[in-house]
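Have a look at the structure below, then the notes.
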Amino acid sequence: MTDNVVPLFKNPQSPPDTAPAASPPVPSDAPAERVRVWRRTVRGLRVVVAHERTRTAARLVARHGMYVIGGTRITAKRTWDGRTGSRYERMLRAAEAAGNWEEAKEWEDRLTRFRAARHHRRMDLLKAPLDLAKSAAVGTGLTVGSLLALGIVLAIANKDITDVIAPIAAVIDAIGCIVYIATVVWGPAVILGPWLALLALWGVGRHQQTAPQWTLPAQQRDDAGAPITPSIVVTALRDLGIAPLRTAIKEMGDVGAAMLGPIRIAGCGVEVDVTLPSGVSTAEVQGRRRKLAENLARHEHEVFITLPTAARTVRLWIADSGALDEPIGPSPLVTDATMTANYKTGKAPWGQDLRGDAAALSLYQRHLLITGLSNQGKTAALRALALWLALDKTVEFRIADLKGVGDWAMFDGLATTLIQGPTDEHVIAATEMVEGMVTEMERRIQAPPGTMFTPLVGIVDEAQVAFMCPAVGDDKRPYGGSKATSRYFMAVRKIHNQGRAVDVILEEGTQDPTDQNLPKLVREGAHTRISLALGTESQARMALGDKAVDGGAAPHLLRQGLDKGTVVVASDGITIPAGQASITVRTHYIDTEQAALIADRAKAMRSGITTTRSVDHGPALDPLADILAVLGTDARVLTQDVLKRLATLNAKAYGRWSFIDLKRVLDHTGAEPYKSDGRMVIGRDRVARALTNRPDAGSASAAE
């Protein structure tokens with residue numbers, strides 16, 4: 001068997017005829033066995049590495065190792081600070097960064113004195129060897145002399161001449177004992193010393209928590225709602241990701257505490273002013289609101305950043321965790337049945353600011369604009385102001401509700417004009433109402449000087465419907481739009497220009513402000529600008545203006561659906577903290593039934609008022625019932641076909657309806673249009689269910 005075996009290597013020194021050593025036979029499946037062993041080994045290693053105990057052990061080793069490294073770094077830094085003037089230089093830079101020049105001069109003087117004292121110490125060290133030698137020689141001579149004198153005294157006393165050197169011998173023996181003890185202790189000290197030093201460094205690192213977060217043991221921490229302290233605020237600012245701010249805080253001797261003003265209790269939260277160091281802009285901090293809130297263990301909507309009058313300063317208002325989700329209580333209009341109003345000197349009790357203080361708004365000679373996304377409480381907020389104003393019996397109302405679902409029905413018998421509906425005919429009537437206010441304004445302007453006029457307040461809810469109306473009058477002038485030919489636009493502009501001088505006031509509510517549905521000139525003509533939750537910052541700027549948004553107003557950061565009724569107000573008619581351009585108010589909610597009771601009180605204060613309705617469709621329409629009727633027996637019908645059937649049923653009422661009008665009626669009823677096979681349809685069962693479950697006929701729908 002071995003004849004055919006050729007050795008791979010052969011010793012050149014061996015004889016030619018020497019046979020190679022026999023090797024054990026290699027199994028034919030050896031490579032496969034090695035692969036299987038290798039795979040089992042790798043699999044086992046993976047299991048070991050991925051095991052929680054292994055990870056825990058790795059974190060333990062890394063954590064305590066970083067404690068030692070961090071303790072060494074901290075100790076070295078402390079030693080360096082103690083031996084050099086770096087501490088004084090750091091405090092000097094911090095004072096300069098804060099603009100405190102007197103303090104900077106004081107630290108500079110301290111640094112100069114420290115350097116002078118250090119120079120004297122170094123000069124003394126240069127002379128120390130010579131002084132030490134002189135002191136040692138003198139000390140040794142005195143000591144030996146004293147010991148000899150003591151020995152002579154002992155020798156005389158004991159009459160033994162050998163006692164002369166007894167004191168010196170005793171001292172020598174004592175020195176020998178000390179050397180012996182040191183020799184015995186030195187060995188253990190040399191062994192234990194480094195370990196004790198290592199333990200001391202570990203203790204410093206552990207106390208300062210120098211280990212990274214990932215090395216710490218896993219634990220459940222709940223910092224939500226933790227009290228706000230100066231260290232928490234400084235740490236939150238340091239970790240914002242703004243490099244100059246982080247560097248400045250590190251270089252400050254007080255680790256940033258000098259930046260903070262006193263932390264004051266402010267309503268359901270706390271308030272603190274932060275003076276930013278040089279090189280950090282207020283806009284950088286405002287742009288990181290979410291990160292700052294999370295660093296403070298709060299949600300984004302629980303932290304507000306505004307700009308006070310002081311330069312390079314931001315004011316932080318930090319809510320108690322969950323406090324903003326609690327209701328604020330009923331309106332005084334509901335709880336106080338004897339309340340009255342005064343258009344000229346009074347203020348409407350509207351809600352509470354973030355501090356928890358009552359927020360009241362003056363409506364005297366101030367045009368008003370309120371905007372916000374749909375279903376955020378815009379109509380309810382505007383209606384609450386009108387209800388308070390209605391308690392002044394001298395105020396005349398002319399109201400156009402271009403949504404037309406009954407939100408303003410309680411003003412029937414209170415307003416001289418009440419228009420309710422979303423069609424083009426309702427927009428035409430609303431335009432004529434506003435133009436009538438212009439006529440009254442011009443009559444008042446031409447009256448003799450000193451003539452007193454009663455307030456005339458016009459309210460147009462869902463004004464975007466008027467601006468986007470495509471209807472054109474007989475004179476070829478469009479009712480909607482934002483051009484000089486637009487009848488509604490021009491009437492609004494005229495009232496904005498001169499109305500307040502003769503107490504002709506216009507209040508508008510609109511959705512999603514854009515240049516198309518709310519022209520720029522109309523926005524800027526309002527003295528009081530109010531915004532609920534919006535989708536974008538550009539919309540916030542349209543609603544409140546650049547000054548308010550640049551000053552910290554952020555309605556686009558309010559939570560849609562959760563912050564209903566919370567508004568941001570820019571107006572001189574409400575008390576705003578000094579240095580701020582806006583204020584956030586949580587308005588009281590007055591539901592439809594309560595609004596009707598308040599309206600009844602206002603009606604009782606007046607003589608009978610006849611409300612005119614410029615649009616008369618004959619019998620009252622019931623769009624939901626008409627939609628069910630045109631659906632017939634079909635399970636679902638395309639929205640286009642529903643619009644055609646409605647137009648056939650009542651051309652005057654539904655002839656100009658679009659999909660938006662149809663959707664407005666079905667929204668929030670449970671019968672909204674939905675997609676089937678890629679096309680929008682309306683389901684008969686859903687409409688029937690909505691018609692069955694809705695409140696009794698005649699009851700107004702809930703306010704927006």
Side-chain angles (χ1 to χ4, degrees), residues 366-372 374 378 382 398-404 408 417-445 456-502 504-531 538-539 541-545 613-615 655-661 664:
R366 291 178 178 88
H367 302 302
L368 183 146
L369 172 66
I370 181 170
T371 68
S374 177
K378 170 174 50 61
L382 179 59
R398 299 183 186 181
I399 299 174
D401 174 18
L402 299 182
K403 182 168 53 177
W408 295 85
T417 301
L418 180 61
I419 302 166
Q420 300 182 88
T423 66
D424 290 348
E425 292 182 358
H426 293 96
V427 172
I428 293 172
T431 302
E432 293 173 349
M433 180 194 81
V434 178
E435 289 177 337
M437 294 177 62
V438 173
T439 302
E440 172 64 15
M441 176 190 72
E442 293 172 346
R443 184 190 69 79
R444 294 184 178 190
I445 291 174
L456 173 58
V457 177
I459 298 175
V460 181
D461 197 8
E462 305 295 342
Q464 78 278 357
V465 178
F467 285 112
M468 300 181 71
C469 178
V472 179
D474 296 335
D475 56 357
K476 306 302 181 182
R477 292 179 61 194
Y479 287 93
S482 57
K483 296 182 179 179
T485 55
S486 168
R487 292 179 59 178
Y488 180 80
F489 171 74
M490 290 305 298
V492 171
R493 287 294 301 142
K494 289 178 180 178
I495 293 177
H496 281 178
N497 289 338
Q498 296 178 302
R500 64 181 299 272
V502 289
V504 176
I505 305 301
L506 183 62
E507 300 177 354
E508 293 181 287
T510 183
Q511 294 181 9
D512 303 340
T514 64
D515 287 328
Q516 289 71 36
N517 61 24
L518 189 59
K520 182 175 184 291
L521 292 178
V522 174
R523 299 195 304 264
E524 295 182 348
H527 304 97
T528 297
R529 299 172 73 170
I530 307 166
S531 177
S538 62
Q539 289 181 327
R541 292 184 179 276
M542 291 181 182
L544 299 177
R613 303 172 185 82
S614 300
V615 177
R656 295 183 178 180
W657 266 35
S658 65
F659 173 74
I660 295 177
D661 300 312
R664 185 183 296 112

Verdict with reasoning, Leu382 to Trp408, per side chain to side chain contact (heavy atoms under 4.5 Å, CB included): CA-CA 10 Å; Leu382 179 59; Trp408 295 85; 4.1 Å; yes

Distance col, row Ile495:CD1 vs Met437:CE, nearest 0.5 angstrom, shows 4.5 Å

Applying salt bridge (charged side-chain N to carboxylate O under 4.0 Å, His left out), can you list everything that pairs with Arg500, at least two apart in sequence or on another chain? none

Smallest heavy-atom separation, Ile399 atom then Met433 atom, equals N-SD, 3.7 Å

Interatomic distance, CD@Glu508 vs CG@Asp461, rounded to 0.5 Å, equals 10.0 Å

So do Val465 and His426 actually touch side chain to side chain, heavy atoms under 4.5 Å? no

For the student: nearest non-hydrogen atoms of Ala543 and Pro513, plus distance: CB-CG, 4.2 Å

To check you understand the geometry: which heavy-atom pair defines the closest contact between Ala491 and Val434, and what is its length? CB-CG1, 3.6 Å

State, to 0.1 Å, how close Arg523 and Asp515 come at their nearest heavy-atom pair, and which atoms those are. NH1-OD1, 3.1 Å

Thr528 side, atom OG1; Leu368 side, atom CG - distance, nearest 0.5 Å: 5.5 Å

Verify, without hydrogens or angle tests, whether Arg493 (side chain) and Leu521 (backbone) share a donor-acceptor contact under 3.5 angstrom. yes

Identify which one of His367, Glu524, His527 satisfies the side-chain contact (heavy atoms from CB on, under 4.5 Å) criterion when paired with His496. His367

Between the CG atom in Leu418 and the CG atom in Asp401, the distance rounded to the nearest 0.5 Å is 7.5 Å

Between Thr371 and Met542, is a side chain to side chain contact (heavy atoms under 4.5 Å, CB included) present by the stated rule, with each step listed? CA-CA 10 Å; Thr371 68; Met542 291 181 182; over 6 Å; no

Check whether any side-chain N or O of Arg529 sits under 3.5 Å from a backbone N or O of Leu369 as a donor-acceptor pair, and report yes or no. no

Which heavy atom of Tyr479 sits nearest a heavy atom of Ser486, and at what distance? O-OG, 3.2 Å

Is the shortest side-chain N to carboxylate O distance from Glu462 to Lys378 below 4.0 Å? yes

Working for side chain to side chain contact (heavy atoms under 4.5 Å, CB included), residues Arg443 and Val502: CA-CA 10 Å; Arg443 184 190 69 79; Val502 289; over 6 Å; no

As an exercise, state the distance from CD of Gln539 to OG of Ser531, rounded to the nearest 0.5 Å. 8.5 Å

Could you walk me through whether Asn517 and Gln511 pass the side chain to side chain contact (heavy atoms under 4.5 Å, CB included) test, one step at a time? CA-CA 8 Å; Asn517 61 24; Gln511 294 181 9; 5.9 Å; no

Val492 and Leu506, any side-chain heavy atoms less than 4.5 Å apart: yes

Quick one: does Glu507's side chain get under 4.5 Å of Val457's, heavy atoms only? yes

Side-chain atoms of residues 466-477: list all donor-acceptor pairs with protein atoms under 3.5 Å, sequence neighbours left out, distances to 0.1 Å.
unit_1: Asp475; atom_1: OD1; unit_2: Arg477; atom_2: N; d: 3.1
unit_1: Arg477; atom_1: NE; unit_2: Thr485; atom_2: O; d: 3.2

